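Below: one structure, written as structure tokens.
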Amino acid sequence: MADINKKDVIKLLEDIAVLLELKAENPFKIQAYRKAAQILETDQRSLREFDDLTKINGIGAKTAATIQDYIENGYSETLQALQKQVPEGLIPLLDLPGLGGKKLSKLYHELDVIDITSLEEACQNEKVSALKGFGKKTEENILKAIQDYKKQPERLPVDDMLKVSKQVESYLDSIEAIDRYSIAGSMRRLRETVKDLDFIISTKDFDTVRKALIEMPNIKEIIANGQTKISIIITWDYDVSIDFRLVEDHQFATTLHHFTGSKDHNVAMRQRAKAQGKKISEYGVLDIETGDIETFESEEDFFQSFGLTYIPPERREADGELDRFEEAVDLVESSMIKGDLHMHTTWSDGAESLEDMAQFVTDKGYHYMAVTDHSKFLRVAHGLNEKRLRDQIKEIERVRQLYPDLTIFSGIEMDILPDGTLDFDDTVLAELDFVIASIHSSFNQTEDQIMYRLNQAMENPYVHMIAHPTGRIIGKREGYAVDVDKLITKAKETKTILELNANPKRLDLNSVWLKKAQEKGVKIAINTDAHRKSNLDFINEGVKMARKGWLNPDSVINTYSVDQLKSVLKEKKNR
DNA sequence: GCCGTTTTCGGCCCGACTGTTTTCAGTCG
């Protein structure tokens with residue numbers, strides 16, 4: 001038997017769906033393959049643990065046989081047959097806005113379009129506009145889509161989009177005719193990369209708002225300008241597309257829910273509605289029997305009408321939330337956070353003094369903080385040597401007197417050196433309250449080397465936490481070769497805390513690993529790694545990511561009181 | 001292709017906008 005795993009099978013089903021789409025097959029047939037792939041993705045079990053695939057709702061005899069054939073032979077006849085019928089170069093063309101399976105299929109069959117080059121030529125020679133169902137405008141739009149496709153990445157990192165989003169929000173704040181508005185879409189769900197921004201706006205004066213929106217600064221192009229929907233592209237570092245939906249206020253909650261998605265979450269909600277004799281649209285919930293349309297003051301009320309507790313946006317990913325949220329789920333919330341255990345000051349590469357950081361943390365209502373500047377190995381960040389570290393401890397002692405209600409842990413973000421040794425001796429570490437170990441060098445080492453370094457750090461009785469465990473920078477850098485499963489196992493064994501670094505560039509660990517860590521009983525700290533005052537607000541993104549990973553307050557040590565936290569830190573040394 | 005307290009056919013989530021039409025198909029979210 002060939003060595004096929006579940007990911008391979010999911011990819012097979014998705015590939016089949018794409019090829020069927022290009023054949024302009026029945027959309028429901030295509031959907032059936034996509035659904036089967038998603039069901040496997042969501043299911044906890046590995047491929048070997050399924051005894052009979054057809055028992056799963058959504059996988060029938062045909063799909064099960066296709067999967068079986070693939071597992072046994074190592075290739076799929078179904079897939080190969082389709083691949084013979086569809087040129088490979090057509091597949092990426094589906095990403096061009098305005099082109100779907102049906103149009104592409106027609107372009108292929110009637111104009112021999114097989115890839116982006118032949119499509120561009122067909123447009124330039126005005127063959128496309130001559131086709132029935134196509135016109136001059138479509139031809140122009142395809143050409144423009146090709147230009148854009150060549151120069152722009154498909155999705156942008158959430159950190160970049162957060163900045164654009166804030167800019168748009170401050171513009172919306174200036175429009176008086178707007179009653180209320182909210183970001184929606186994948187930005188609201190805090191996906192790691194975001195394709196475009198969606199805003200829902202309620203108003204009594206559609207015309208005024210619409211006029212104001214299309215006068216927003218930096219607009220490059222207006223894509224759609226309808227009664228209730230305005231789509232624009234604004235120029236930032238990249239071009240960013242933004243959709244605005246205008247609604248009357250009583251429709252706000254259902255519209256917001258609708259455009260927050262995810263798409264699959266909405267499908268699941270509508271299926272649930274249907275089973276209850278109701279029909280969901282963005283304008284409300286229709287009772288099929290009476291014909292009444294119900295609207296809601298808030299999303300809470302909306303969920304409640306379906307027998308559900310409030311599902312936060314970042315949890316709406318169609319991975320079992322509808323069942324789980326029939327009862328209230330105990331998830332961590334921003335208001336539960338009592339301290340931040342990773343931040344920098346002017347002693348290394350931070351922008352604020354130690355005393356100022358104590359003030360800012362106090363302003364946030366926290367009970368404790370850890371001062372964790374870089375260690376000496378990190379010269380570029382002006383890392384602390386033993387002497388400066390001891391001087392800093394004295395400064396911490398001074399600031400403690402000024403803030404008697406705040407517990408300040410003396411700490412360090414200590415480098416794990418390329419050879420696996422630590423930047424400080426145990427005698428130095430023993431003088432500190434909170435020791436973070438992290439990797440900032442030799443990212444290209446093999447998995448064995450990286451794991452050796454991390455293991456050395458976790459084995460050390462004075463190391464409390466591993467920071468940004470994978471080192472990834474979203475959309476920019478992969479991170480080092482960590483086997484996170486092994487890392488989690490080792491963290492459990494050594495009672496080492498793992499960080500959820502809340503900086504939106506990092507969000508490290510991500511939700512998938514957080515979920516696993518919690519299942520294994522590993523404690524997590526949500527930290528901002530603040531280098532300046534405003535960075536302390538990253539805690540909100542951190543908490544969202546934590547909830548995406550289903551983290552409950554008990555798994556998150558900075559929801560603990562000072563005393564509880566201290567006893568957790570003690571466990572490490574005493575293990 | 002999948003499913004069934006509509007159970008082997010007929011529906012599968014719903015609506016806005018654009019472009020090409022002259023009543024609607026395709027795409028998108």
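Each chain gets a letter, A, B and so on, in the order its sequence line appears, and its residues count up from 1. Note that this is a predicted model, so its numbers are computed, not measured.
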Tell me what A/I16 touches on the nucleic acid: a base, only sugar-phosphate, or nothing, going by heavy atoms under 4.0 Å. nothing
Where the side chain of A/K62 is defined as all heavy atoms beyond and including C-beta, which of B/dC2, B/dG19, B/dG29 is the nearest nucleotide? B/dC2
Expressed as a whole number of angstroms, how long is the span from A/K279:NZ to B/dC12:P? 8 Å
Out of B/dG1, B/dG29, B/dC14, minimum distance to the side chain of A/N26 belongs to B/dG1
For the residue pair A/S555 and A/Q518, confirm or rule out a side-chain donor-acceptor distance under 3.5 Å. yes
Taking atom P in both B/dT6 and B/dG1, what distance in whole Å separates the two? 26 Å
Short side-chain N/O contact to B/dA25 OP1/OP2 from A/K106, under 4.0 Å: no
Against the side chain of A/K229, the closest entry in B/dG19, B/dG29, B/dC17 is B/dC17
Starting at atom NZ of A/K102, determine the distance to atom P of B/dT18, rounded to an integer number of angstrom. 20 Å
On a whole-Å scale, what distance lies between the C1' atoms belonging to B/dC17 and B/dT23? 16 Å
Check this one for me: any side-chain N or O of A/S231 less than 4.0 Å away from OP1 or OP2 of B/dC17? no
Distance, nearest 0.5 Å, that separates CE of A/M269 from CZ of A/F306: 5.0 Å
B/dT18 C1' sits how many Å from A/N225 CG, rounded? 12 Å
Within the structure, does a side-chain N or O atom of A/K263 lie under 4.0 Å from either OP1 or OP2 of B/dG29? no
Of the candidates B/dG1, B/dG29, B/dC17, the side chain of A/D243 sits closest to B/dG29
Do NZ/NE/NH1/NH2 and the carboxylate oxygens of A/E299 and A/R188 come within less than 4.0 Å? yes
Counting only side-chain N and O atoms of A/N57, is one of them less than 4.0 Å from OP1 or OP2 of B/dC2? no
In whole angstroms, how far is the P atom of B/dG1 from the NZ atom of A/K23? 10 Å
Within the structure provided, determine whether A/L308 and A/R272 are in side-chain contact (heavy-atom separation under 4.5 Å). yes
Which nucleotide, B/dG1, B/dG15, B/dG26, lies nearest any side-chain atom of A/E282? B/dG15
Check every atom of B/dC12, B/dC17, B/dC14 against the side chain of A/T228 and return the nucleotide holding the closest atom. B/dC17
Of A/S281 and A/G101, whose nearest nucleotide on DNA chain B comes first from the 5' end? A/S281
What nucleic acid atoms does A/I59 come within less than 4.0 Å of, heavy atoms only: base, sugar-phosphate, or nothing? sugar-phosphate
If the cut-off is 4.0 Å, is A/Y283 near the phosphate of B/dA16, judged by side-chain N/O to OP1 or OP2? yes
Base partner of B/dC14, which must satisfy Watson-Crick or wobble distances under 3.5 Å: B/dG29
Nearest to side-chain heavy atoms of A/D198, which nucleotide of B/dG1, B/dG29, B/dG15: B/dG29
I'd like the C1' distance from B/dC12 over to B/dT18, given in whole Å. 26 Å
DNA chain B: A/G133 or A/Q31, which has the more 5' nearest nucleotide? A/Q31
Rounded to the nearest angstrom, tell me the gap between atom CD1 in A/I39 and atom C1' in B/dG1. 12 Å
What does A/L99 touch in the nucleic acid at a heavy-atom separation under 4.0 angstrom: a base, only the sugar-phosphate, or nothing? sugar-phosphate
Between A/E289 and A/K278, is there a side-chain N and carboxylate O pair less than 4.0 Å apart? no
Look at all strands and tell whether A/K103 reaches a base, only sugar-phosphate, or nothing, counting heavy atoms closer than 4.0 Å. sugar-phosphate
Would you indicate what A/K35 reaches in the nucleic acid, counting non-hydrogen atoms under 4.0 angstrom: base, sugar-phosphate, or nothing? nothing
Counting C-beta onward and ignoring hydrogens, is there a side-chain heavy-atom pair between A/I183 and A/T260 closer than 4.5 Å? no
P-based separation of B/dA16 from B/dT22 [nearest Å]: 24 Å
Quick one: label A/L286 by what it contacts on the DNA or RNA (base, sugar-phosphate, nothing), any heavy atom closer than 4.0 Å. nothing
Taking NZ, NE, NH1 and NH2 as the nitrogens, is one of them in A/D508 or A/R472 under 4.0 Å from a carboxylate oxygen of the other? no
Nearest-Å distance once atom P is located in both B/dT20 and B/dG26: 14 Å
Quick one: the side chain of A/N141 and the base of B/dG19, do they pair up donor-acceptor inside 3.5 Å? no
In whole angstrom, what separates A/L246's CG from B/dA16's C1'? 12 Å
A/T138 vs B/dT20: side-chain N/O to OP1/OP2 distance below 4.0 Å: yes
Taking atom P of B/dT6 as reference, at what distance in whole Å does atom NZ of A/K274 sit? 11 Å
Lys/Arg N to Asp/Glu carboxylate O, A/K136 vs A/E140, below 4.0 Å: no
Separation of A/E140 atom CD from B/dT18 atom C1', in whole Å? 14 Å
